[in-house]
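Below is one structure, written out as structure tokens; comments come after it.
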Amino acid sequence: MARILITSAIPYINGIKHLGNLIGSQLPADLYARYQRGRGNEVMFLCATDEHGTPAELAAAKAGKPVAEYCAEMHGVQADIANRFGLSFDHFGRSSSDQNKALTQHFAGKLDEAGLIREVSEKQVYSNADGRFLPDRYIEGTCPNCGYDRARGDQCENCTKQLDPTDLIEPRSAISGSTDLEVRETKHLYLRQSAMKDQLDSWIDSKTDWPILTTSIAKKWLHDGDGLQDRGITRDLDWGVPVMKGDQDWPGMEGKVFYVWFDAPIEYIACAREWADATGKPDAEWERWWRTDKGADDVRYVQFMGKDNVPFHTLSFPATILGSGEPWKMVDHLKSFNYLNYDGGQFSTSQGRGVFMDQALEILPADYWRWWLLSHAPESSDSEFTWENFQQSVNKDLADVLGNFVSRITKFCRSKFGEAVPQGGAFGEREKALIDDLTRRIRAYEGHMEAMEVRKSAQELRAIWVAGNEYLQAAAPWSTFKEDPDQAAAQVRMGLNLIRLYAVLSAPFIPATSARMLSAMNTLDTSWPQDVQDAISALPAGHDFAVPDVLFAKITDEQREDWQTRFAGTRD
RNA sequence: GGGCCUGUAGCUCAAUUGGUUAGAGCAGAGCGCUCAUAACGCUUUGGUUGGGGGUUCGAGUCCCUCCGGGCCUACCA
């Protein structure tokens with residue numbers, strides 16, 4: 001039994017995520033986790049909320065709440081929605097947990113011992129009105145290059161020129177609009193990534209099976225200009241992990257916190273500890289997933305993320321782990337996704353454009369979304385959500401191909417044989433051909449799932465569903481029944497067993513529907529079809545079942561138009 | 001500005017890494033079936049692979065160039 005550690009990029013705390021965020025990491029990670037569990041492998045699937053940083057503080061202020069309270073509340077909201085989407089995390093943690101504080105401080109201490117931390121005194125913009133240092137992006141002013149009056153401190157959106165905050169004419173705080181800004185001297189810790197450049201470079205070189213999207217981004221950062229730059233890992237903020245060397249104070253760094261991108265990936269590890277603590281397990285239980293000296297040497301670790309997160313996962317986080325000199329598990333495979341666009345533009349959290357996870361569940365059950373999103377996952381390039389495409393795909397694939405298959409066979413059986421698997425007859429050439437075909441397709445499906453080829457997996461699964469309809473059409477038990485009821489019984493028995501088989505195979509994509517199919521077939525047998533011959537005999541003659549309600553109602557044109565209108569604007 | 005990705009049928013995507021006649025699903029057309037959610041099955045129409053040039057026995061794939069789309073560019077996360 002293989003052991004597989006899976007992490008999804010951790011969603012930021014300030015608000016509910018949209019469908020583009022979902023398909024970028026959490027959903028494909030869940031697909032993979034469910035598949036591996038289905039195959040009988042031991043899986044640890046971790047995710048968490050990313051709670052530190054300036055945007056969290058601002059969102060809390062806007063909501064009129066203390067930041068800790070705001071984050072706790074939003075964590076609850078996100079956990080609930082994730083649960084309703086069927087995201088099967090073994091633990092959904094928080095980067096603000098005590099476990100992550102301790103581990104982040106531990107890593108910082110180890111990196112310092114290894115001589116990989118240096119102090120830098122630098123000048124940053126401080127806003128007296130806001131009472132805080134401002135990240136470059138939170139400073140607005142007039143662009144010295146093109147005169148655009150809403151240029152940001154890092155770059156002018158109008159002319160794309162990169163800027164320094166001090167370049168701006170009449171700079172002001174983007175938070176309060178205050179012009180009462182001053183440049184203050186402040187001291188920060190930098191991670192000496194440059195000292196680890198060669199080590200990281202050869203590590204990346206060893207990952208020959210990673211997508212080009214992943215390695216090319218890492219290579220760019222490693223070799224661009226002067227090569228990999230050192231990175232500031234502390235900030236002058238109140239909310240975050242206090243800067244400490246392990247459990248010791250860090251002289252001169254009082255009142256400062258670690259930068260969110262230093263502590264966020266460490267939460268992948270801390271999350272496992274949260275899991276152990278929450279379930280009353282000893283440390284050894286989480287360490288066997290993360291410490292190669294404590295049992296994790298046979299773990300395969302897979303990370304899922306959107307393309308914007310790649311540099312942090314290929315460089316900063318590995319630098320943190322390698323630099324610690326401790327035997328932590330490093331990522332084996334990194335699956336990154338492009339973006340999902342919404343109806344001709346981008347999904348946007350800040351502008352409230354597109355469909356958000358809570359809204360999606362208000363109009364349709366999770367499996368509709370899971371199927372469409374996964375079967376259209378933006379793997380090779382950005383992809384696009386349109387309501388027409390969504391309606392067509394869902395109606396055809398889920399309602400017509402799969403849902404109707406279940407409906408036609410169960411109802412036919414009920415009317416001719418009653419609600420029990422019929423007895424009599426035997427499988428012949430046609431059934432043998434079907435089993436051979438299914439065997440080939442299931443092996444192909446497994447191959448695509450192992451390779452995390454999401455769209456290809458969906459395509460193959462759909463073809464497996466279609467094979468059931470092809471079989472029924474060719475076997476035509478409604479005709480056979482008239483001359484040879486025994487043979488019709490065997491054909492129906494095959495059909496009913498296909499429903500159970502499809503439930504097992506489809507569970508990673510549409511878990512709730514899969515559960516309904518199994519429940520209708522009155523079985524708990526979810527064993528993976530190593531041998532299709534055996535799998536289609538799991539439900540024996542005489543086994544009771546029930547005709548389920550319609551599995552997937554079709555999306556009507558009226559609904560589609562209604563939603564199209566409702567989601568055309570932006571969220572309030 | 002620099003780096004990278006991308007452009008294939010009306011739509012969404014393939015093409016075993018340079019190898020026969022570029023394939024699927026949807027949509028369209030025709031036929032069949034009547035168990036089923038007016039569902040299913042079979043057949044079928046769609047392509048000068050963004051334009052142009054080059055390398056090669058052979059190019060969707062490699063090179064050059066032009067055009068379009070996207071991401072990143074280190075203090076949003």
Side-chain angles (χ1 to χ4, degrees), chain A residues 9-14 50 52-56 58 122 124-125 133-139 152-155 159-162 164-165 188 193 211-213 215-217 219-221 223-225 228-232 235 259-261 264 306-312 315-316 338-339 341 346 349-350 372 375-376 378-384 386 388-389 392-393 395-416 455-456 458-459 462-463 466 468-481 488 491-492 495 549-554:
Chain A
I10 64 179
Y12 199 63
I13 193 70
N14 69 341
D50 177 12
H52 295 138
T54 309
L58 297 180
E122 56 193 11
Q124 288 196 348
V125 175
F133 282 95
L134 296 175
D136 291 357
R137 294 213 175 192
Y138 286 95
I139 302 161
R152 294 185 315 201
D154 56 339
Q155 186 176 38
C159 68
T160 75
K161 186 179 169 61
Q162 283 182 56
D164 195 84
H188 282 297
Q193 297 185 140
I212 193 148
L213 176 68
T215 48
S216 64
I217 291 172
K219 284 288 179 188
K220 168 71 161 67
W221 282 48
H223 300 292
D224 191 42
L228 189 62
Q229 299 298 298
D230 294 345
R231 198 171 178 112
R235 293 289 183 274
Y259 174 43
V260 56
W261 260 110
K307 58 183 166 183
D308 52 334
N309 274 338
V310 168
F312 301 100
L315 300 169
S316 317
N338 288 282
Y339 290 148
N341 290 321
Q346 292 194 338
T349 302
S350 56
W372 190 88
S375 60
H376 294 79
E379 289 179 297
S380 54
S381 62
D382 292 355
S383 66
E384 177 156 325
T386 64
E388 287 83 0
N389 187 306
Q392 277 182 2
S393 300
N395 285 354
K396 191 69 189 174
D397 298 348
L398 297 180
D400 295 346
V401 176
L402 178 62
N404 182 57
F405 173 78
V406 172
S407 184
R408 68 194 294 206
I409 189 69
T410 52
K411 286 182 179 170
F412 179 75
C413 183
R414 181 172 63 184
S415 74
K416 304 297 183 195
R455 276 193 315 233
K456 285 181 181 173
Q459 218 168 26
R462 187 188 187 282
V466 167
N469 281 314
E470 285 171 349
Y471 169 77
L472 281 189
Q473 188 65 31
W478 50 90
S479 300
T480 319
F481 184 77
Q491 292 166 342
V492 169
D549 292 337
V550 166
L551 292 181
F552 296 99
K554 291 202 196 192

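Proteins get letters first, then strands, A, B, ... in listed order; numbering begins at 1 in each.
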Expressed in angstrom and rounded to an integer, what is the separation of A/N309 atom CG from B/C71 atom P?
15 Å
Gap between atoms CG and C1', on A/N395 and B/A38 respectively (whole Å):
13 Å
Considering only heavy side-chain atoms of A/N469, the closest of B/C76, B/U37, B/G41 is B/G41
Categorize A/K554 for me: base, sugar-phosphate, or nothing, with a 4.0 angstrom heavy-atom threshold over every strand shown.
base
The nucleotide from B/A14, B/C75, B/C35 with an atom nearest the side chain of A/R408 is B/C35
Starting at the 5' end of RNA chain B and moving along, which residue's nearest nucleotide shows up first, A/A476 or A/S375?
A/S375
Per A/R462 side chain, nearest of listed nucleotides B/U73, B/C76, B/G25
B/G25
With sugar-phosphate meaning primed atoms plus P, OP1 and OP2, does A/K456 contact a base, only sugar-phosphate, or nothing at under 4.0 Å between heavy atoms?
sugar-phosphate
What class does the angle between the rings of A/W261 and A/F312 fall in, given that below 30° is parallel, 30 to 60° is tilted and above 60° is perpendicular?
parallel
Rounded distance (nearest 0.5 Å) linking atom CG of A/N14 with atom OG1 of A/T54
11.0 Å
Report yes if a donor N or O on one partner sits less than 3.5 Å from an acceptor N or O on the other, where the partners are the side chain of A/N404 and the base of B/A39; otherwise report no.
no
Should A/W478 be counted as stacked on B/C35, where stacking needs a ring-centre gap under 5.5 Å and an angle between planes under 30 degrees?
yes
So which nucleotide from B/U37, B/C75, B/U12 ends up closest to the side chain of A/V550?
B/U37
Pick one for B/U17: is it syn, with its angle within 90° of 0, or anti?
syn
A/P135, nearest nucleotide to its side chain (from B/C13, B/C76, B/A77):
B/C76
With sugar-phosphate meaning primed atoms plus P, OP1 and OP2, does A/L551 contact a base, only sugar-phosphate, or nothing at under 4.0 Å between heavy atoms?
base
Of all the heavy-atom pairs spanning A/N338 and A/K307, show the shortest one and how long it is.
OD1-NZ, 3.2 Å
A/E470 has its side chain closest, among B/C26, B/A15, B/G41, to B/G41
With syn defined as a glycosidic angle within 90° of 0 and anti as the rest, where does B/G46 land?
syn
